[in-house]
Amino acid sequence: MSKKRILSGMRPTGKLHLGHLAGALSNWIRFQEEYDCFYEIADLHALTTDYQNPSGIRDNIREMLLDFLAFGLDPEKATIFIQSKVPEISEMHLLLSMITPLGWLERCPTYKEQLAQLADREITNYGFLGYPVLQTADIISFKAVRVPVGEDQVPHLELAREIVRRFNFLYGELFPEPEAILTVNPKLLGTDGRKMSKSYGNAILLADTPEEIRQKTATMFTDPLRPYRKDPGHPDACPVFGLLQMYRPEESAAVRPACTSAQLGCSDCKKKLTEILLEFLSPYQRKREELAREPGRLQEILDRGNRRAREIVNDVLAEAKTKMGLYGY
RNA sequence: AGGCCUGUAGCUCAAUUGGCAGAGCAACGGACUCCAAAUCCGUAGGUUGGGGGUUCAACUCCCUCCGGGCCUGCCA
């Protein structure tokens, strides 16, 4: 009885932060016990928005891999690979592009949203529009049946299912329709009170030094309705409390009344949070430093992952091409 | 390939007939706060895309190269 296969990916756009850990990486680590996991470092997807300075992508791949391994992704259990090192995925993407109607892509909420949000950058490109098609290629190249996604990625998975149905209808049954594993994305707030995100510059990185963590927590946004020490606080609107709650649920239960009754001040709370974060992160960071000293081992992990991924994708691509009448000339 | 527009601080944009390169936001520092935010005060930030030319003097005019946008044409 073989395990169900999962595919998930992350774009190497920088070092990971607490939000990545809570929203994605911790799930990845959990899933590797239960599923046959393929975790993709999506450098081609990174290129859709960062094509103007691609030099950083290379460094980011290494940083991301260090974060993965330090926090417990196990290359013995899961396959970690680089998207562009499995070129058959790109070929699959090309095949899918032939049967994907433009309207499906233009209707994508993420497309419209990102277009408006990143208006300063030039992303009115072909590759950007086709982003979800490449995602579909990722998934079906492995015949993955489960895809862990956050709420915002659900439309993409639905698109993938539509493309799969279209392919199977046109050329004959081949791909399973991937199902979402809806992962609850705990809403982690960044240092400015907005959603923690690299592009907002409000993230606490998994690899931040103690000094950086101290500096970031010290300048963190707090309840603006509590200008004075004696005022009652509103913990649910406070990102400091949000993080406390995430990393020390039992302690935060005691902090809540102390905050609302003005017994505990914000700077006390920040001190507490700083200590908790330092304590939480330091073992991983030690592990990370050890790993960083072994570039040969990192390379070996990637080589092996790429090879394993490629073996599978190669077969699936051959099947797809046969179905589409591209073999046997 | 041709036509039109465009390039100024990290970002968005000003600068009179050719006359000392500026503002807002962001950043940093200070005041205020238990911190932070907001607010107030202050600081820093530039080879005006590159090179050449005209001029006493060029962001401004001319030539050229590089980058970007819109339109037309051509091929599929």
Side-chain angles (χ1 to χ4, degrees), chain A residues 13-15 17-19 47-56 59-60 91 93-102 106 111-130 187-205 208-248 251-252 254-279 324 326:
Chain A
T13 53
K15 293 178 184 176
H17 54 66
L18 294 177
L47 222 39
T48 60
T49 52
D50 291 9
Y51 63 91
Q52 279 158 326
N53 40 333
S55 57
D59 299 327
N60 290 338
E91 196 172 345
H93 168 251
L94 184 64
L95 297 181
L96 297 183
S97 75
M98 303 301 169
I99 67 167
T100 306
L102 276 181
E106 288 163 346
Y111 175 70
K112 291 188 284 191
E113 194 182 309
Q114 287 274 301
L115 212 53
Q117 200 181 344
L118 302 179
D120 53 322
R121 260 186 285 174
E122 306 300 335
I123 49 170
T124 51
N125 344 333
Y126 188 43
F128 186 69
L129 181 66
K187 52 157 194 175
L188 263 198
L189 300 182
T191 53
D192 62 356
R194 293 185 291 174
K195 180 179 185 276
M196 189 178 289
S197 158
K198 192 204 166 221
S199 57
Y200 287 153
N202 65 358
I204 294 171
L205 305 183
D208 270 343
T209 63
E211 292 86 322
E212 285 167 326
I213 288 169
R214 264 188 270 274
Q215 195 267 337
K216 284 180 182 180
T217 52
T219 56
M220 243 175 122
F221 180 81
T222 62
D223 181 7
L225 297 175
R226 193 186 178 187
Y228 298 102
R229 175 71 176 75
K230 58 178 168 50
D231 297 328
H234 306 78
D236 290 315
C238 178
V240 177
F241 183 77
L243 289 176
L244 274 179
Q245 209 171 19
M246 161 120 315
Y247 292 101
R248 287 292 166 81
E251 201 171 332
S252 75
V255 166
R256 175 185 291 278
C259 172
T260 53
S261 66
Q263 284 172 294
L264 190 72
C266 293
S267 48
D268 302 323
C269 223
K270 284 180 172 182
K271 255 178 231 139
K272 204 183 278 285
L273 177 64
T274 306
E275 292 314 309
I276 288 168
L277 288 178
L278 289 176
E279 189 188 327
M324 290 180 87
L326 294 170

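Letters go in sequence order (proteins before strands), and every chain restarts at 1.
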Applying a 3.5 angstrom cut-off to the pairing atoms, does RNA chain B sit in any stems of at least three consecutive Watson-Crick or G-U pairs? List them by first number. B:1-7 with B:66-72, B:10-13 with B:22-25, B:27-31 with B:39-43, B:49-53 with B:61-65

Rounded to whole angstroms, how far apart are OH on A:Y200 and P on B:A26? 15 Å

Distance, C1' atom - from B:C20 to B:U39, rounded to whole angstrom: 34 Å

Measuring only the P atom in each nucleotide, how far is B:U60 from B:G50? A whole number of Å is fine. 11 Å

Atom-pair distance (CE on A:M220; P on B:U33), nearest Å: 23 Å

Please state how far atom CG in A:L225 lies from atom P in B:A37, giving the value in whole angstrom units. 16 Å

Residues, nucleotides or ligands: over 12 heavy atoms within 6.0 Å of A:K216 NZ: yes

Measure from CG on A:D192 to P on B:A37 and round the result to the nearest Å. 10 Å

With a 3.5 Å cut-off and heavy atoms only, can you find an N or O donor on one side and an acceptor on the other between the side chain of A:S267 and the base of B:C34? yes

Rounding to an integer number of angstrom, what distance separates B:G18 and B:A57 when you compare their C1' atoms? 8 Å

Using the P atom in both, what is the distance from B:G24 to B:A44, to the nearest Å? 15 Å

Could you tell me the separation between the CD atom of A:E275 and the P atom of B:C35, rounded to a whole number of Å? 19 Å

Identify which nucleotide among B:C35, B:C34, B:A37 has an atom closest to any side-chain atom of A:P224, counting heavy atoms from C-beta outward. B:A37

Which heavy atom of A:M196 sits nearest a heavy atom of A:L189, and at what distance? CE-O, 3.7 Å

To the nearest Å, how far apart are A:N202 CG and B:A27 C1'? 16 Å

Going by the rule side-chain hydrogen bond (donor to acceptor under 3.5 Å, both in side chains), which residues pair with A:N60 if we only count those two or more places apart in sequence or in a different chain? none

For residues 222-248 of chain A, the ring-ring contact (aromatic ring centres under 6.0 Å, His included) pairs (sequence neighbours left out) are A:Y247-A:F280

Would you find a donor on one side and an acceptor on the other, under 3.5 Å apart, between the side chain of A:R226 and the backbone of A:R229? yes

So which atom in A:T48 and which in A:G127 form the shortest heavy-atom distance, rounded to 0.1 Å? CG2-O, 3.7 Å

Using whole Å, report how far CG of A:L243 lies from P of B:C35. 21 Å

The residue, A:Q215 or A:T219, whose nearest nucleotide of RNA chain B is more 5′ is A:Q215

For A:D223, report the nucleic acid contact type (base, sugar-phosphate, nothing); a contact means any heavy atom under 4.0 Å. base

On a whole-Å scale, what distance lies between the C1' atoms belonging to B:A38 and B:G51? 49 Å

Check the distance between B:A36's C1' and A:D231's CG and give it to me in whole angstrom. 14 Å

Please report the distance separating the C1' of B:G7 from the corresponding atom of B:U43, rounded so that it comes out in whole Å. 29 Å

Determine the interatomic distance between P on B:U54 and the same-named atom on B:C59; round to the nearest Å. 16 Å

Quote, to the nearest angstrom, the P distance that separates B:G3 from B:G22. 37 Å

Under the 3.5 angstrom rule, does the side chain of A:N202 hit a backbone N or O of A:K195 as a donor-acceptor pair? yes

Between the main-chain N or O of A:G14 and the side-chain N or O of A:K198, is there a donor-acceptor pair closer than 3.5 Å? no

